[in-house]
Amino acid sequence: MSLDVADDVALVTASSSGLGRASAAVLAEEDANVVLNGRDEDRLDEAVAELDALGEGSVVGVVGDLTRKEDVEALVTATVEEFGGLDHLVTSAGGPPSGPFMETDDEDWYHAFDLLVMSVVRLVREAAPHLQDGDGGTIVTIASRSVKEAIDSLVLSNSVRMSVVGLEKTLSKELAPEVRANAVLPGPHETSRIEELVEQSVERGEYDSYEEGLAARAEGIPLERIGEPRELGEVVAFLCSPRSSYLNGVSIPIDGGAGAANL
């Protein structure tokens with residue numbers, strides 16, 4: 001099924017790797033014009049080269065730090081100047097450090113808020129006029145399943161990401177009907193970050209192999225595995241597309257059924 005996003009313009013943040021990159025890849029395969037973003041120029045260039053070969057649209061990269069207001073403004077400006085408009089905004093950002101409450105200080109809290117909340121606030125503030133000018137703009141926020149159920153030793157993610165989902169729900173009302181706003185709530189997926197953590201646990205002797213360490217992370221997931229990044233990317237691309245035209249203000253868990261909450 002075609003998602004009917006060919007020639008649309010999509011800006012995907014934190015997309016040089018991980019779930020942002022997977023989301024951008026599916027949009028590129030669907031012939032959208034995609035703007036990638038990251039802080040590491042070399043890794044960003046590598047992602048641009050790979051994704052640009054996937055479809056008929058153009059893929060470009062813009063280096064920028066999402067915690068810097070001027071970088072966010074420049075990112076949206078560069079997108080509009082490159083393609084003449086903006087149809088889809090996909091917000092992603094790296095997760096804050098893990099740790100229990102008593103081991104986090106004020107600086108940790110402020111940085112987590114800047115990274116996860118203010119980045120979205122600033123992106124939407126800059127992007128909204130362009131999204132409203134188009135024919136069916138969308139915002140998709142990649143958050144975390146931690147907004148449904150608190151995860152041990154992730155006090156920053158558990159707390160701060162709730163603000164992002166509250167913002168997404170508010171935007172779904174304030175920007176409608178021109179713009180739809182939704183969120184995805186990923187559980188564990190086999191990103192480079194997960195690979196690194198598993199490899200470190202093997203080096204510490206906690207597991208005998210990478211496969212054993214990865215299987216341990218799938219404990220409690222009814223599908224008995226962690227997700228492939230592309231599986232989340234396909235949902236993100238669907239939410240950007242007119243195929244999801246009556247979905248607005250929802251937060252969709254993508255966790256293989258691991259969550260215990262009814263809603």
Side-chain angles (χ1 to χ4, degrees), residues 8-28 32-52 54 57-97 107-108 110-131 133-134 137-144 156-157 160-161 163-164 167-168 171 179 181 183-184 191-193 229 232-233 236-237 240:
D8 283 3
V9 179
L11 167 58
V12 186
T13 65
S15 47
S16 61
S17 64
L19 299 177
R21 179 168 174 163
S23 301
V26 178
L27 288 165
N33 299 305
V34 183
V35 176
L36 306 184
N37 155 255
R39 292 177 298 174
D40 185 315
E41 187 170 3
D42 290 339
R43 185 161 61 179
L44 184 61
D45 289 344
E46 177 189 343
V48 169
E50 180 181 318
L51 270 59
D52 195 38
L54 296 179
S58 296
V59 178
V60 300
V62 179
V63 176
D65 184 338
L66 295 178
T67 64
R68 293 171 55 87
K69 181 176 182 289
E70 56 270 32
D71 284 12
V72 170
E73 293 172 350
L75 177 57
V76 176
T77 297
T79 300
V80 174
E81 288 181 349
E82 178 73 24
F83 293 112
L86 177 59
D87 302 294
H88 311 292
L89 172 65
V90 179
T91 70
S92 178
E107 185 176 347
D108 295 327
Y110 284 122
H111 181 265
F113 193 80
D114 261 352
L115 177 66
L116 298 179
V117 181
M118 290 310 299
S119 64
V120 181
V121 169
R122 291 165 178 155
L123 283 162
V124 173
R125 184 184 292 144
E126 296 299 315
H130 306 290
L131 295 171
D133 277 347
T138 68
I139 299 168
V140 181
T141 298
I142 301 177
S144 168
L156 292 171
S157 182
V160 176
R161 289 189 191 275
S163 298
V164 179
L167 172 61
E168 168 260 322
L171 294 172
V179 179
V184 292
T191 61
S192 57
R193 174 60 174 162
L232 179 131
V236 170
C240 290

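Residues: numbered from 1 along the sequence shown.
The shortest side-chain heavy-atom distance between Val90 and Cys240 falls under the 4.5 Å cut-off. Side-chain contact between Val34 and Leu51 is absent, with no heavy-atom pair separated by less than 4.5 Å. At a threshold of 4.5 Å between non-hydrogen side-chain atoms, the residues Val236 and Val184 count as touching. Side-chain contact between Leu116 and Leu156: absent, with no pair of heavy atoms (C-beta onward) separated by less than 4.5 Å. In this structure, the side chains of Val160 and His111 stay at 4.5 Å or more apart for every pair of heavy atoms.
To the nearest 0.5 Å, atoms CD (Glu46) and OG (Ser17) are separated by 10.0 Å. Note that CG of Asp114 and CZ of Arg122 are 5.5 Å apart. Values are rounded to the nearest 0.5 Å. Taken to the nearest 0.5 Å, the CG atom of Leu89 stands 11.0 Å off from the NE2 atom of His130. Note that CZ of Arg21 and OG of Ser192 are 9.0 Å apart. Values are rounded to the nearest 0.5 Å.
At distances below 3.5 Å, at least one donor-acceptor pair connects side-chain atoms of Asn33 with backbone N or O atoms of Ser58. Judged by distance alone, with hydrogens and angles left aside, the side-chain atoms of Asn37 form no donor-acceptor pair with the main-chain N or O of Ser15 at under 3.5 Å.
Salt bridge annotation for Asp65-Arg68: absent, with no cationic side-chain nitrogen under 4.0 angstrom from a carboxylate oxygen.
Counting all heavy atoms, side chain and backbone alike, Ala25 lies closest to Leu54 at O-CD1, 3.8 Å. When all heavy atoms of Val9 and Gly85 are compared, the closest pair comes out as CG1-O, 3.4 Å. The minimum heavy-atom distance between Val26 and Ala237, with the atom names listed, is CG1-CB, 3.5 Å. A pairwise comparison of heavy atoms in Val48 and Val59 identifies CG1-O, 3.5 Å as the closest pair. The shortest heavy-atom contact between Arg161 and Gly95 is NH2-CA, 3.6 Å. Taking each heavy atom of Leu232 and Ser23 in turn, the nearest pair found is CD2-OG, 3.8 Å.
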How far apart are the C-alpha atoms of Ser119 and Thr13, what are their side-chain angles, what is the distance that settles it, and do they pass the side-chain contact (heavy atoms from CB on, under 4.5 Å) test? CA-CA 10 Å; Ser119 64; Thr13 65; over 6 Å; no
Evaluation steps, side-chain contact (heavy atoms from CB on, under 4.5 Å), between Val121 and Met118: CA-CA 5 Å; Val121 169; Met118 290 310 299; 4.0 Å; yes
Report the C-alpha distance between Val124 and Glu168 in whole Å, list the side-chain angles of each, state the deciding distance to 0.1 Å, and finish with yes or no for side-chain contact (heavy atoms from CB on, under 4.5 Å). CA-CA 10 Å; Val124 173; Glu168 168 260 322; over 6 Å; no
Step-by-step side-chain contact (heavy atoms from CB on, under 4.5 Å) determination, Leu86 to Leu131: CA-CA 6 Å; Leu86 177 59; Leu131 295 171; 3.9 Å; yes
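Environment of CD in Glu107: sparse, with no more than 12 heavy atoms of neighbouring residues, nucleotides or ligands closer than 6.0 Å.
Every pair passing side-chain hydrogen bond (donor to acceptor under 3.5 Å, both in side chains) that includes a residue from residues 72-96 is listed here, sequence neighbours excluded: Asp8-His88, Lys69-Glu73, His88-Thr138, Thr91-Thr141.
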